[in-house]
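A short worksheet on the structure shown next.
As the structure is a prediction and not an experimental result, all values here were calculated from the model. Hydrogens, waters and symmetry mates are skipped; everything else that's a heavy atom, side chains included, is used.
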Amino acid sequence: MEPEKCGGGVGARVSTSPPRRRSQTWGSLDQSLSRGLGCWSPGVVSLAVTWPRDASQETPLSSEYDFVLVNIGRLEAVSGLSRVQLLRPGSPLKFTPEEILIHGRDFRLLRVAFEAGGLEPQAFQVTMAIVRARAQSSQAQQYAGISLSKAGQSSGPRKPPIPLLETSEDWETERKKQGAGSWRVSPVNERFDVATSLPRYFWVPKRTLDSEVRRAFGHFHQGRGPRLSWHHPGGSDLLRCGGFYTASDPNKEDIRAVESMLQAGHSDVVLVDTVDELPSLTDVQLAHLKLRALCLPDSSAAEEKWLSALEGTRWLDYVRSCLRKASDISVLVTSRVRSVVLQERGDRDFNGLLSSLVQLLSAPEARTLLGFQSLVQREWVAAGHPFLTRLGVTGASEEAPVFLLFLDCVWQLLQQFPAEFEFSEFFLLALHDSARVPDTLTFLRDTPWERGKQSGQFNSYTQIYTAGYSQLPAGNSVNPQLSVWDWDLRYSSEQILQFHNPGYDPEHCPDSWLPRQQPNFMVSGPPSSVWLFSRGALTPLNQLCPWRDSPSLLAVSSRWLPRPAISSESLADQEWGLPSHWGACPLPPGLLLPGYLGPQIRLWRRCYLRGRPEVQKGLSAPTISGLQDELSHLQELLRKWTPRISPEDHSEKRDPNTIVSQSR
């Protein structure tokens, strides 16, 4: 029973019918499977193991039982209580299985049972068909995105839910929205001849010429020179760049151009060594592997030692480190008018994580559903985060789920400040799982150049064709575009409704959250001051660039610099002279400072424990202690939400189209 090849990939769809009440994680295969494994739609690379669908349901990922072939981490055949075989390509199946265990890379576990008298005689063929389909999908690696039937229902091109930042107009609109009057959109990388990992357009100081930008960027690792990430309404600027390329030999004009771009018109400049105090990529990967092994049902950790094993993964420690550093940087940006420069050697991993978290902590607009999607598109997708490599799709040794670490950090903020975010935990789960689904090029390429090359017109996303066309119909000069943000093509209306956080205050207006002038707490820095931010403290530096008398930040290993002891004072204490606990002293408008000590950092149970039967049945095991914990958590959320919402808000029905497509 061979899987059917479909377009650019291999698709397999297995239908299940409701099981006899063993467990909600078990399924029994329907007699319809005897006709073989069918194809979902042209170009699909997916395995869907689902309950019977409504005939009108056309979204391929509308069930928690839907699986994608490339998302399968391990396949096991089980017979009886003791016979378990790990299924690998080319290895023979030694017995007729009674069930298949599908271990997802997204922490899910699906058990598919072959009931006696039904499909048990064909269990061997079905199992091997799934193994071969998975192997072929892994070998193809030429993911071109998939065509969804709903994408072709409209007569014209689909308008993206958010700007995809593929045109200079998109960047100019976003610049004006941020009020960055001293910056401009530079087309210097329009042909990707400065850096293939950078977007075609980005923001540079208005007084800097494109010729100076081109020369200056050549003195940074991989050509990723300093550019604006976010302009704070109070006047500060948050920049990001790669490490200095010390093998170059810039002239005086180039040095002046680099310094001018780093200063961005400010007299106070803070250089932040991004990777200082943060885990390495290897650390992140190892922690994620340990976490996944611990959270699956077949974990070898004893129940009484489970929490100790969780601590031993170091995953929550890394979440804590990221939140602490982002909090400190948000204070740097908010407390004084200055230029804050995030500098990481590659500028493609932790720079994006910290820049995104800083904006979430400092800008309420980034906490809206559309604002958060725009943030991810700008700081991760357009900025060239290597999703394909970091998520392990290529099998390269540089695998490290930095983006998933970021989503965990966002979930922590959502738990601590539930009334401040328009999106919900279910939205974060959908985004988490979408990183493993090859239905768009958003997460399936490492650079904007690769996405553009795949589309043929340097567009960032794959083409979508209506059924029956092998090429775009005549008369269509603009290719329709599909991005991960087109949720309605993959999720049902009921699921999209859950993306909205019922505790969010709809009267909160992002456009007026902070006045343009803030004399109460933002002050100009001292003249010509340059600082290094390291280990929670500011250390003065003599210069910005490493090509003068002595090295500077990241010119060589920054370990040569004086290492200040970790200050017992928070950075807020140092900047504002405020008490350690803010107490009656209010935070600047719009700023959130999360807690990151001890139990303030929690395990994302709904994500990481999805493979456990008790979690698939509900939120926790039906024990007295479990119910007490759940009740305490709900009461805590209720206390935080009570001032913000009324019973009428809960009863108000919302249109899912207004939740994710307000800009259309």
Are [X] and [Y] ion-paired here, with the side-chain N under 4.0 Å from a carboxylate O?
X      : Y      : result
Arg378 : Asp170 : no
Arg240 : Glu379 : yes
Glu259 : Arg256 : no
Arg324 : Glu277 : no
Arg314 : Asp283 : no
Lys325 : Asp328 : no

List for me each residue that meets side chain to side chain contact (heavy atoms under 4.5 Å, CB included) alongside [X], sequence neighbours excluded, and say none if there are none.
X      : result
Lys290 : Leu286, Thr313
Ser182 : none
Asp433 : Asp106, Arg610
Arg184 : Ser186, Pro187, Val204, Asp210

Using side-chain hydrogen bond (donor to acceptor under 3.5 Å, both in side chains) as the criterion, list what pairs up with [X], not counting sequence neighbours.
X      : value
Asp193 : Arg214
Asn189 : none
Tyr318 : none
Ser321 : none

Given the rule in the side-chain contact (heavy atoms from CB on, under 4.5 Å) test, do Asp268 and Val337 qualify, once you have shown the distances and angles that lead to the verdict? CA-CA 7 Å; Asp268 192 16; Val337 179; over 6 Å; no
Could you walk me through whether Gln343 and Asp273 satisfy the side-chain contact (heavy atoms from CB on, under 4.5 Å) test, starting with their C-alpha distance in whole Å, then the side-chain angles of each, then the deciding distance to 0.1 Å, before giving a yes or no? CA-CA 5 Å; Gln343 192 166 33; Asp273 186 351; over 6 Å; no
Taking atom [atom1] of [X] and atom [atom2] of [Y], what is their separation to the nearest 0.5 Å?
X      : Y      : atom1 : atom2 : answer
His266 : Ser529 : NE2   : OG    : 11.5 Å
Ile162 : Gln377 : CD1   : CD    : 5.0 Å
Leu238 : Ser330 : CG    : OG    : 10.0 Å
Leu538 : Arg535 : CG    : CZ    : 14.5 Å

Pairwise side-chain contact, Val381 with Leu165, heavy-atom cut-off 4.5 Å (strictly under):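 No, too far: nothing below the 4.5 Å cut-off.
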Is the distance between the ring centroids of Phe423 and Phe372 under 6.0 Å?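 Ring centroids of Phe423 and Phe372 are less than 6.0 Å from each other.
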Qualifying residues under ring pair (Phe, Tyr, Trp, His ring centres under 6.0 Å), relative to [X], sequence neighbours excluded:
X      : result
Phe202 : Phe217
His221 : none
Trp183 : none

Which residues pass the salt bridge (Lys or Arg N to Asp or Glu O under 4.0 Å) test with Arg292, sequence neighbours left out?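 Salt bridge (Lys or Arg N to Asp or Glu O under 4.0 Å) check on Arg292 returns nothing, list empty.
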Mind listing the closest non-hydrogen atom pair of [X] and [Y] along with its distance?
X      : Y      : result
Trp203 : Ser229 : CZ3-O, 3.7 Å
Glu190 : Arg200 : O-NE, 3.2 Å
Phe192 : Leu198 : CE2-O, 3.4 Å

Geometric class of the Trp411/Trp604 ring pair [parallel <30°, tilted 30-60°, perpendicular >60°]: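 Correct class here is parallel.
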For the residue pair Phe443 and Phe403, does the interplanar ring angle fall in the parallel (under 30°), tilted (30 to 60°) or perpendicular (over 60°) class?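 Rings of Phe443 and Phe403: tilted, 30 to 60°.
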Between [X] and [Y]: side-chain donor-acceptor atoms closer than 3.5 Å:
X      : Y      : value
Ser236 : Arg336 : no
Asp254 : His219 : yes
Thr274 : Arg345 : no

Can you tell me which residue among Leu360, Leu375, Val376, Leu431 is in a side chain to side chain contact (heavy atoms under 4.5 Å, CB included) with Val410?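 That would be Leu360.
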May I have the step-by-step check of side-chain contact (heavy atoms from CB on, under 4.5 Å) for Leu361 and Leu593, ending in yes or no? CA-CA 7 Å; Leu361 293 175; Leu593 290 184; 5.6 Å; no
